[in-house]
Amino acid sequence: MQLAANQLQAQLQKGLRSLYTLHGDEPLLIQEAGDAIRAAARAQGHTERTVHTMAGAHADWSAVLASGASLSLFADKQIVEVRVPSGKPGKDGSAALQQLAESADGNDSTLTLVVLPRLDMATQKSAWFAALDAHGVTVRVDPVDRKALPQWIATRLQAQGQRVAAGEEGQRTLAFFADRVEGNLLAAHQEIQKLALLHPQGELGFEQVESAVLNVARFDAFKLAEAVLAGQVARVQRMLDGLQAEGEAPVLVHWALAEDIRTLNRVRGAVDDGRPLPIALRESRVWGVKEKLVERVLPTLGTAQLARWLDDAHTVDGIVKGLKFPDWPAEPWQALHQLAMKVARACAPR
């Protein structure tokens, strides 16, 4: 049974299962989902807990299997937690996880919790993951994207008895808060808790939030590329500044931007040759959020414009590697800024 993270509490209230699998890359949400499962298990008498972190090709999976098969003298129910940081259990781990999954059926004395990073589609089709899903509950823990972040903050504030003003003023406060914590959900959670310590329950004004919330945003080059395709000019500027301040390698930022320009060019060419857009997107391995962005902007972009962007990306590649070109900044981050903003402005919603 596969669930989204926001469906977990409802499932736990219906009845505790003996096998749960969490997979995702957001530490705060993984921790909270695990805490919810452990709390439900403790409420039903699972008082003992063992944790196994299985890292490396030579991890001892026999110890995991032994834990699941035995109980101590001091508890009649236990939690066996298996963490696979790489998401790649290997041959022995694959067999062990399938055995754990099969042994979970009807096992009221042992709750098994498997914690994994975000898994690609190929891994989700593996025999060991299919076994975990078939015999238990698998919970996909997705990150909170920028669009959903203000509402996520508002919900967390509401849970501690606080709220922002109604209407445009409150939306401005939430947008400011989101800008300060984007890409760093654990820090966002801490900033929300800090507001509960600093101010009583009730309405929070913009000035109270502005003075309390630190700038703890964290960005990555691939989220920047998505913001460029979305035409979010102000956000692109903020993300570029953040990536530079964090010491991100300009070559990685350039690669993410250039790859999207190459993708747009390939899809444009395929569509111009008569390929239906959905097929052209699939052939270029464009899916998810990026698929929707490309579908929106591609009709507004011509072949000549995309060719110029390809030339610009080639120029910036040289600048990042130390070359100089007329009419372009010599400093890599300034050149990246010029390229990103040119594309973002053209992709901005009309």
Side-chain angles (χ1 to χ4, degrees), residues 1-55 59-90 92-119 123-124 126-142 156 159 185-186 189 193:
M1 177 194 298
Q2 295 201 31
L3 301 177
N6 59 6
Q7 298 172 308
L8 177 60
Q9 279 292 353
Q11 189 282 318
L12 290 171
Q13 290 171 5
K14 292 178 181 177
L16 186 68
R17 299 286 293 271
S18 57
L19 173 63
Y20 288 86
T21 302
L22 305 177
H23 61 104
D25 279 342
E26 183 48 68
L28 172 68
L29 301 184
I30 286 284
Q31 180 66 40
E32 290 181 342
D35 287 347
I37 294 168
R38 286 185 283 267
R42 285 194 297 271
Q44 295 195 21
H46 292 74
T47 56
E48 187 172 283
R49 177 187 175 209
T50 57
V51 180
H52 304 269
T53 300
M54 311 309 291
D60 183 11
W61 285 91
S62 63
V64 177
L65 296 174
S67 292
S70 63
L71 290 168
S72 76
L73 297 174
F74 307 102
D76 60 359
K77 291 186 177 182
Q78 65 173 337
I79 302 170
V80 175
E81 195 164 321
V82 183
R83 297 175 175 268
V84 188
S86 68
K88 306 290 184 183
D92 292 344
S94 177
L97 288 171
Q98 291 178 70
Q99 185 175 335
L100 281 174
E102 292 166 3
S103 65
D105 286 341
N107 188 347
D108 295 330
S109 62
T110 299
L111 181 143
T112 302
L113 174 59
V114 181
V115 182
L116 302 159
R118 182 178 63 86
L119 304 177
T123 304
Q124 291 182 48
S126 64
W128 61 267
F129 187 82
L132 293 173
D133 186 46
H135 294 277
V137 176
T138 57
V139 182
R140 185 187 70 251
V141 181
D142 294 323
R156 297 272 168 146
L185 215 58
L186 181 59
H189 174 66
Q193 290 182 314

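On a predicted model such as this, the values are computed, not experimentally measured, just so you know.
The side-chain contact (heavy atoms from CB on, under 4.5 Å) check on Asp133 picks up Gln2, Thr138, with sequence neighbours excluded. Looking at residues two or more places apart in sequence or on another chain, you find a salt bridge (charged side-chain N to carboxylate O under 4.0 Å, His left out) between Arg140 and Asp142. Under the side-chain hydrogen bond (donor to acceptor under 3.5 Å, both in side chains) criterion, Asp105 pairs with His135, not counting sequence neighbours. For Asp108, there are no side-chain contact (heavy atoms from CB on, under 4.5 Å) partners at least two apart in sequence or on another chain.
Annotation for Ala63 and His52: closest pair O-CE1, 3.8 Å, computed over non-hydrogen atoms. For the residue pair Leu12 and Ala40, the shortest heavy atom distance occurs at CD2-CB, 4.2 Å. The two atoms that bring Ala59 and Ala55 nearest to each other are CB-O, 3.9 Å, heavy atoms only. In terms of heavy atoms, Pro89 sits closest to Ser94 at CB-N, 3.9 Å. Nearest heavy-atom pair across Ala104 and Ser18 is O-OG, 2.6 Å.
Within the 4.5 Å cutoff, no side-chain heavy atoms of Tyr20 are placed close to those of Ile79. Residues Phe129 and Leu97 form no side-chain contact, since every pair of their non-hydrogen atoms from C-beta on lies 4.5 Å or further apart. Considering only heavy atoms from C-beta on, Leu111 comes within 4.5 Å of Ile37 through its side chain.
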query = Under the side chain to side chain contact (heavy atoms under 4.5 Å, CB included) criterion, do Arg17 and Gln11 qualify, and how do the steps go?
reply = CA-CA 9 Å; Arg17 299 286 293 271; Gln11 189 282 318; 3.4 Å; yes
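Listed by first and then second residue, the ring-ring contact (aromatic ring centres under 6.0 Å, His included) pairs involving residues 25-51 amount to none (not counting sequence neighbours). The list of side-chain hydrogen bond (donor to acceptor under 3.5 Å, both in side chains) pairs with a residue in residues 21-41, not counting sequence neighbours, reads Gln31-Asp35, Glu32-Arg156, Asp35-Arg38, Arg38-Glu81.
Here the side chain of Gln124 pairs a donor or acceptor atom with the backbone of Leu119 at under 3.5 angstrom. Checking side-chain atoms of Gln99 against main-chain N and O of Ala95 turns up no donor-acceptor pair under 3.5 Å.
Here the straight-line distance linking atom CG of Leu19 with atom CE of Met1 works out to 11.5 Å at 0.5 Å rounding. Between atom CD of residue Glu48 and atom OG of residue Ser109 there is a gap of 11.0 Å, rounded to the nearest 0.5 Å.
Of the candidates Leu22, Leu185, Val139, Leu185 is the only one forming a side-chain contact (heavy atoms from CB on, under 4.5 Å) with Leu29.
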